[in-house]
Amino acid sequence: MTEVSPQEWLAAAVALGRAGFDYFDWLGCVDEIGRRDCFRIVLVVRNLSAAAEPRMLSCSLPRDDPRIQTVRGVFAGAGWHEREVAELFGVEFLGGEASRLLLNPEFEGRPLRKDEVLAARTGMNWPGAKEPGEGGNPGERGEEGVSPSRRRMVPPGVPDPVVWGDRDAWRPAAAPAEVAESAGGGRVRRRRT
Amino acid sequence: MSSPESSHRWIRLIEPACTSCMICARECPSWCISIDSHTEPVAGLPPAARDRTRNVLDRFAIDWSLCMYCGICVEECPYDALEWVGDLTQPRSSSEALVEEMVEKPSADSV
């Protein structure tokens, strides 16, 4: 995988196309929050006329202002992948097509960012909140449930309420990395009372 | 995997194998599995043994209006208590009726 800067991105893609790697395979994005404060854009192209390994081009963009040049002028099929990355991660492709590919035009949010909270689910009863041996509605027996020694489960996509949603008013809003880390699902810290 | 028996049409609970461990309900991305269970003491232990309890399944329901037939529950179950069935889910007159109760008779005698 070749790592390039955002300034070199377009030129590197053009160079790959000229070198015979003119078959576009895919373009994707990775939210690297928690490791580095950036999005990684990955482009994979192939050379169909030679038995060569596919070439991967990668570029890191700052999370607070992710912009990169479009490569749809080089690989026409990349336009669809760029539109998908643009709406799911909120990455701006300069010179790319602005219209949405998958999501409703009215939809707000960047659903594949790891700090994106599934807000509608925070107010719903999660069936998995019950412990084995527990009946009725979750929380019916109080926050302790049938196994008070175990920490409470939260579903993936819904952060620990202590971090997001039910955060102490005097604390500043949680950093995106903290929200992302706590929204992975699993058992959460005991509530301090 | 192309026979009707193994196709993605309906998910069945194999009740004797279920331990009410909640793993399927927690792994389900659609939140469509509801489980109620209770604990009861294990009988027939040796006189000196300390009391033990086991989980008893009271209710296992899949809401077909939410299920997307992804099969994650079937894959995740450590006791192979869920399986694909070739039958189709039946049309129902309301969304409430799409909640399929899979435990036939709740064990009223044990409460």
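Below, read A as the first sequence line, B as the second, and so on, with proteins coming before strands; counting in each chain starts at 1. In what follows, every heavy atom counts, from backbone to side chain, and hydrogens, waters and symmetry copies are set aside. It should be emphasised that the depicted structure is a prediction, and the values quoted were computed from it without experimental measurement.
Hydrophobic clustering (ILVMFWY, side-chain heavy atoms < 4.5 Å, transitive): A:V42 and A:W9 are in distinct clusters. Linking ILVMFWY residues whenever their side-chain heavy atoms come closer than 4.5 Å, directly or via other members, leaves A:V30 and A:V179 in distinct clusters.
Here B:R26 pairs with A:E131 in a salt bridge; the nearest charged N to carboxylate O distance falls below 4.0 Å.
Smallest separation of non-hydrogen atoms from A:G133 and B:S37: N-OG, 2.7 Å.
Side-chain contact between B:D36 and A:K130 is present, with heavy atoms from C-beta onward closer than 4.5 Å. Between B:N55 and A:P132, some side-chain heavy-atom pair lies under the 4.5 Å cut-off.
Under a 4.5 Å side-chain heavy-atom cut-off, the cluster of Ile, Leu, Val, Met, Phe, Trp and Tyr residues that includes B:L45 is completed by B:V42.
Enclosure of atom OH in B:Y79 is not indicated, since only 12 or fewer non-hydrogen atoms of other residues, nucleotides or ligands lie within 6.0 angstrom. A:W80 CH2: 12 or fewer foreign heavy atoms inside a 6.0 Å radius.
Once rounded to the nearest 0.5 Å, the distance linking CH2 of A:W126 with SG of B:C28 reads 10.5 Å. For the atom pair CE of A:M153 and CE of B:M22, the computed distance is 9.0 Å after rounding to the nearest 0.5 Å.
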Show me the donor-acceptor pairs within less than 3.5 Å that the side chains of residues 112-120 of chain A make with the rest of the protein, sequence neighbours left out.
| from | atom 1 | to | atom 2 | distance (Å) |
| --- | --- | --- | --- | --- |
| A:R113 | NE | A:F89 | O | 2.6 |
| A:R113 | NH2 | A:F89 | O | 3.0 |
| A:K114 | NZ | A:D31 | O | 3.2 |
| A:D115 | OD1 | A:R63 | NH2 | 3.2 |
| A:E116 | OE1 | A:R110 | N | 3.4 |

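For A:M124, the parts sitting under 4.5 Å from any heavy atom of chain B are the backbone and the side chain alike. Only the backbone of B:I35 has a heavy atom closer than 4.5 Å to any heavy atom of chain A.
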